[in-house]
2 protein chains.
Amino acid sequence: MRSARDRSVCDGRRDAQPVPDDEHAVDLGPLDDFIGYVLRRAWLRVSADFQAALREVDLKPTQFTVLLIIGRNVGLSQSEVCSALGIQKTNFVPLLNELVRRGLAERRPAASDRRSHALHLTPEGEALLERAMTLHAALEERLTARVGKRGREKLIELLHRLSRTD
Amino acid sequence: MRSARDRSVCDGRRDAQPVPDDEHAVDLGPLDDFIGYVLRRAWLRVSADFQAALREVDLKPTQFTVLLIIGRNVGLSQSEVCSALGIQKTNFVPLLNELVRRGLAERRPAASDRRSHALHLTPEGEALLERAMTLHAALEERLTARVGKRGREKLIELLHRLSRTD
DNA sequence: AGGGATTGGTTATATACAATAACGATATCG
DNA sequence: CGATATCGTTATTGTATATAACCAATCCCT
């Protein structure tokens with residue numbers, strides 16, 4: 001979130017030099033009262049925070065959720081992971097490939113269907129997931145500090161209502 | 001947001017065929033209680049809603065905000081718009097080009113600096129912006145219906161707190 | 001049991017969006 | 001004047017998401 005006030009740091013004009021009227025403060029209009037705009041700014045911010053918090057384990061948000069789901073549902077197929085997370089199966093392939101390449105997850109032959117793969121975490125994957133969970137918990141605490149414990153619960157409830165299909 | 005229950009529609013297995021335990025319901029674990037995850041799902045949803053709502057005027061979220069800012073701050077330079085909205089100046093060029101190509105905005109020579117451009121809306125741009133504002137207001141009402149009038153205010157406040165730099 | 005339709009996984013490809021590097025023209029500062 | 005910074009631009013990269021087409025395996029229906 002960059003407020004109009006921040007603009008001064010990118011502004012070559014000096015205070016000594018008279019600026020035409022109030023042009024030095026950009027009028028954002030009703031923007032800060034639009035759900036979509038505020039939601040986008042919040043997402044960009046939290047997204048950056050996430051990236052910084054999980055840099056040590058080098059996991060992107062989607063990779064993190066995939067590891068989490070696989071860890072909690074041993075033997076899940078790729079399609080199942082995809083529909084559970086709302087990912088496109090075609091985009092899931094390179095994502096999983098990367099996790100496999102790093103030795104975090106495995107594709108094992110499925111028992112009942114020779115087309116599908118049963119997905120498992122390797123011991124390394126489980127260890128990394130655990131570490132990632134710790135880092136993520138710390139992030140969640142920092143985010144909670146911004147909105148308060150009660151505010152966090154309310155926020156999550158409101159966001160769920162916002163994304164529910166009506 | 002795709003719930004675990006939706007998975008059945010992508011699931012080849014029949015009910016008659018005994019499924020190992022409760023595997024037919026994917027355990028999302030603590031995911032639905034993570035601010036980042038819930039925020040992302042909400043953003044994706046609202047983003048899609050926005051696209052649908054403003055299809056008539058064919059404006060993407062960023063284009064909409066740019067028109068809004070230019071309309072409210074006549075003669076702003078490109079850099080000023082960029083820093084006000086947190087956009088990269090390099091990414092702003094093709095965005096503005098498109099608006100100019102469609103006859104919605106203009107680059108006029110700036111009075112005080114021959115390097116910079118004073119940005120203006122054309123009459124067509126102003127008309128389209130007004131129409132877009134109407135469509136957007138309707139969208140905002142539909143979103144408000146999901147969280148309630150009071151919930152909307154609370155949500156915006158919480159999102160602001162979430163994206164503020166601490 | 002056989003044959004059409006469907007599904008799981010994959011590849012290739014297209015589009016949108018954000019970030020970096022470098023450049024010419026202009027403006028500012030010492 | 002000369003060093004330095006800024007405005008706008010191009011080119012390029014990386015990431016995220018969506019579409020089309022494909023093979024093999026499975027399902028469904030008669």
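Note on naming: letters A, B, ... go to the chains in the order of the sequence lines (proteins, then strands), and numbering restarts at 1 for each one.
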Item checked: Side-chain ion pair, Arg102(A) and Glu124(A), N-O less than 4.0 Å -> no

Item checked: For DNA chain D, the residues among residues 59-68 of chain A that have a non-hydrogen atom under 4.0 Å from it -> Lys60(A)

Check: Start at the 5' end of DNA chain D and walk down; is the nucleotide closest to Ser77(B) or to Asn91(B) reached first?
Finding: Ser77(B)

Item checked: Verdict with supporting geometry, Arg146(B) and Arg45(B), side-chain contact (heavy atoms from CB on, under 4.5 Å) -> CA-CA 12 Å; Arg146(B) 291 191 202 141; Arg45(B) 174 66 200 278; 2.9 Å; yes

Check: Is Leu31(A) reachable from Leu143(B) through a run of hydrophobic residues whose side-chain heavy atoms are each under 4.5 Å from the next?
Finding: yes

Item checked: Closest to side chain of Asn97(A), choosing from dT11(C), dA18(C), dG8(D) -> dT11(C)

For nucleotides 23-26 of chain C, give me every protein contact, N/O to N/O, under 3.5 Å, one pair per line with atom names.
unit_1  : atom_1 : unit_2    : atom_2 : d
dT26(C) : O2     : Arg115(B) : NH1    : 3.1

Notebook entry, point to check: Side chain of Thr90(B), base of dT9(D): donor and acceptor closer than 3.5 Å?
Noted result: no

Margin query: Would you say Gln88(B) places a side-chain N or O within less than 4.0 Å of OP1 or OP2 belonging to dA18(C)?
Written below: no

Next item on the list: Mind jotting down which residue pairs meet the ring-ring contact (aromatic ring centres under 6.0 Å, His included) criterion with at least one end in residues 56-107 of chain A? Sequence neighbours excluded, please.
Entry: Phe50(A)-Phe64(A), Phe64(A)-His136(A)

Note to self: Tell me which one of Leu99(B), Asn91(B), Val93(B) satisfies side chain to side chain contact (heavy atoms under 4.5 Å, CB included) with Leu95(B).
What the structure shows: Leu99(B)

Next item on the list: Please check if the side chain of Ser77(A) supplies one atom and the backbone of His117(A) the other of a donor-acceptor pair under 3.5 Å.
Entry: no

